[in-house]
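All chains are named by letter (A, B, ...) in the order of the sequence lines, taking the proteins before the strands, and each is independently numbered beginning at 1.
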Amino acid sequence: MKIHEYQARDLFREYGIPVNDYKLVANAKEAAEAAKNWKQTVVKAQVLVGGRGKAGGVKLADSAAETEEKAAKILGLNIKGCKVEKLLVCDAAPIAREHYLGLVLDRARQGVTIMLTNQGGVDIEELAVSNPDAIHKLTLLPDEPVSDEALNAFMAQAIEAEAQRKQALAALKALYKLFLEKDASLAEINPYAMTPDGNMLALDGKINFDDNALFRHPEIAALRNPEEDSPDEVEAREKNLSFVSMDGDIGCIVNGAGLAMATMDLIQHYGGKPANFLDVGGSSNPQKVADALSIILRNRRVRAILINIFGGITRCDDIANGLLMARKQIDIRVPLVIRLVGTNQEEGKAILKEAGYSAGNDLDEAVKDVITAAGGAA
Amino acid sequence: MSILLDENTKLIVQGITGRDGSFHAKSMKADGTNVAAGVTPGKGGSEVDGIPVFNSVAEAKKSTGANASVIFVPARFAAAAVKEASDAGIPLIVCITEGVPVLDMAEIYHLIRRRNQVLIGPNCPGLISPGKSKIGIMPASIHKPGKVGVISRSGTLTYELVHALTLAGIGQSTCIGIGGDPIIGTGFIDLLQRFESDPDTDAVVLIGEIGGDAEEQAAAYIAANMKTPVTAFISGRSAPEGKRMGHAGAIISGGQGTAEAKVKAFAGAGVPVADTPSGIPGLLKSRA
């Protein structure tokens, strides 16, 4: 789960990481009002996608009037499909130097890796490709505490002055505490800046959270922004389905994420276009199939649906019963192609046969059939 | 031979009285696994399908001499269940549960390594040495004893590929679903190493997916260390960037973890990559 910059700043403050002053506003008038507190301001679009600066979503202003004017412009923007509805107005504190300071869940090292650079404002992903040596890294393992001396020596590679390093060390520890306590997967301060009078401030922040751990952080789950996902995706999540919308016309209901991806890939391989990724999940429950069909059918572009089930923990008879349940609840207006193999496949096929559906065994055939049913390959 | 499990495997099922735990304890038993015990705190003394239930893994191990455990408990208790099995000294622990908080696994990962135990998963289908033993949720009927090792980040996609192998008359030594989470107990390289030294595994099928760089690392390992031929399949060629495709680990971010990069890494390591699941048997036969 992603959150906005202003939400990240609120968390930084809660954990004692100094940030430059900021105010969240919803219109240009409020922006002008907020700007009266500061000599110069920076107006920033609050969107959940990267690259907002390049898209014109971040502007400097020298007065309240200019802030109002810039705010009005940014509020009208659409950045990578995200409509700008909220703005952050910040004190544009002068900066003597910038760094990048981030923590990321490191899959390869099974820990949390600190990333620190000499320069700030950088696109860390770009830098990781173009000049990976410019990023200083240190991996923290959850059950192996690292001494302050070791952290200090690590930070000295990028922050030479002791006074600033001391502040940075405190910020790093606070950021790591936040990361562990709230189950983050990424927490970055970029830029992490030094003011001319020597104070270290977070000028921007980004935090992503582990969806699997949200159950133990209701306060973080409450920060979720509905615009992160399409309305269909939100509904699917509420029904415990894993769903991602795509722009094709063939709906897919599959059990298991890997097979769901491979099914979409196969549709594309044979010249069709998938309308969605949908994993009905491991443990089978007939209601989930009914929910899945109803979400997919709401998309008017969908012209055929492929149900591809390879039963393991999912039982084919549960899937068949779910389909019959769905038929009573909703109008299935497009052709269905069903492929049913694995645990309890005979029981599942018998249930379907009685209801007038046929189910095949071969995946390639099923994919070709659903493309034909949707009107043929592009 | 096979790797990790065989006819000497004696299994404990943690969470045996739950819906999934009891269903799969029965299936594993029916498929020939020696299911020695079940564990559900507070339900010690009862039975599931003739399998004795204990209150703790330590008790179950002491009474039955079990040497493996499989976990079916809900996500919020899964890490504690893995730790309980580890504390009891179980050498092979398999965590089927999906949705386990990633930082919980980071903690468990290092503990298990230090103790020289093996953890498979979480969020995985388990593993099977066809005809010998099965620890997991895969339908045993689609497998066939043989000499091809299978390693996969996915669950049902593994069944798809194993099914295709069996239909083509190609049997398997051991098939392992390593799990789709960002942090898993055992990765590709550990298992490639085990297959390389297993005299009865003649070839390996590796099934990867988008996200992370485990496939790229595996490709480098294969190029440098393996004589056993490896064939691969990668899912997620049609996946959009920035969206989690079900598995917590299956996400392309910042242009990293794409299917193209993985296919390229395998090609560079001399590992052929099939375009479709049904293309795997043909590629394997062409390399034999």
Side-chain angles (χ1 to χ4, degrees), chain A residues 49-50 105-108 110-112 123-126 128-129 141-144 179-180 183-185 210-213 215-216 233 242 244 246 254-269 274 277 279 281-283 309-315 341-343 345 362-364, chain B residues 19-20 24 27 75-76 96 98-107 109-111 125 137-139 142 152-160 163 180-183 207 209-210 212-214 217 233 235-240 243-250 253-256 259 275-278:
Chain A
V49 293
L105 184 87
D106 193 326
R107 321 161 52 128
Q110 293 83 20
V112 179
D123 180 336
I124 198 78
E125 284 156 354
E126 238 173 73
V129 176
L141 302 182
D143 56 349
E144 277 177 37
F179 194 100
L180 296 183
D183 281 285
S185 54
D210 175 9
D211 292 276
N212 287 353
F215 72 85
R216 59 188 176 201
E233 289 170 3
S242 177
V244 176
M246 310 268 293
V254 188
N255 67 317
L259 187 57
M261 274 190 278
T263 304
M264 288 164 47
D265 294 349
L266 212 51
I267 289 172
Q268 207 167 62
H269 179 78
F277 163 95
D279 172 9
S283 222
I309 302 297
F310 208 123
I313 205 162
T314 303
R315 308 180 202 168
V341 195
T343 308
Q345 67 176 40
D362 187 86
L363 177 55
D364 294 74
Chain B
R19 184 186 194 258
D20 293 329
H24 288 285
S27 318
R76 59 186 71 194
I96 307 296
E98 70 176 295
V100 182
V102 183
L103 283 172
D104 289 0
M105 289 322 300
E107 231 174 291
Y109 176 91
H110 298 282
L111 179 78
I137 60 176
M138 65 287 279
I142 58 170
S152 172
R153 267 171 75 185
S154 167
T156 48
L157 177 57
T158 318
Y159 312 161
E160 188 72 52
H163 188 55
D181 279 2
I183 294 182
I207 305 159
E209 65 186 26
I210 54 163
D213 67 351
Q217 301 291 340
F233 179 77
S235 66
R237 293 182 196 226
S238 58
K243 289 281 184 183
R244 164 176 164 167
M245 305 304 276
H247 292 165
S253 53
Q256 307 285 301
D275 286 334
T276 65
S278 56

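- When each of S27(B), G155(B), G212(B) is checked for heavy-atom pairs under 4.5 Å with chain A, G212(B) comes out on top.
- Looking at V49(A), neither its backbone nor its side chain comes within 4.5 Å of chain B, counting heavy atoms on both sides.
- With contacts defined as side-chain heavy-atom distances shorter than 4.5 Å, the pair L157(B)/F310(A) does not qualify.
- Contacts of D183(A) with chain B are made by both backbone and side-chain atoms, with heavy-atom separations under 4.5 Å.
- Counting heavy-atom pairs closer than 4.5 Å to chain B, the top-ranked of the candidates T263(A), D106(A), V244(A) is V244(A).
- The candidate with the highest count of non-hydrogen atom pairs below 4.5 Å against chain B, out of L105(A), I267(A), V112(A), is L105(A).
- Using a distance-only test at 3.5 Å, with no hydrogens or angles considered, a donor-acceptor pair links the side chain of D265(A) to the main chain of S238(B).
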*Quick one: do T156(B) and N255(A) satisfy side-chain hydrogen bond (donor to acceptor under 3.5 Å, both in side chains)? Show the steps, please.*
CA-CA 7 Å; T156(B) 48; N255(A) 67 317; 4.6 Å; no

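- At a 4.5 Å heavy-atom cutoff, Q345(A) makes no contact with chain B through either its backbone or its side chain.
- With a 4.5 angstrom heavy-atom cutoff, I309(A) does not touch chain B via any of its atoms.
- The salt bridge (charged side-chain N to carboxylate O under 4.0 Å, His left out) test applied to D143(A) returns R114(B), not counting sequence neighbours.
- With a threshold of 4.5 angstrom between heavy atoms, V254(A) does not approach chain B through any atom at all.
- In this structure, chain B has heavy atoms under 4.5 Å from both the backbone and the side chain of A262(A).
- Side-chain contact between M261(A) and R237(B) is absent, with no heavy atoms from C-beta onward closer than 4.5 Å.
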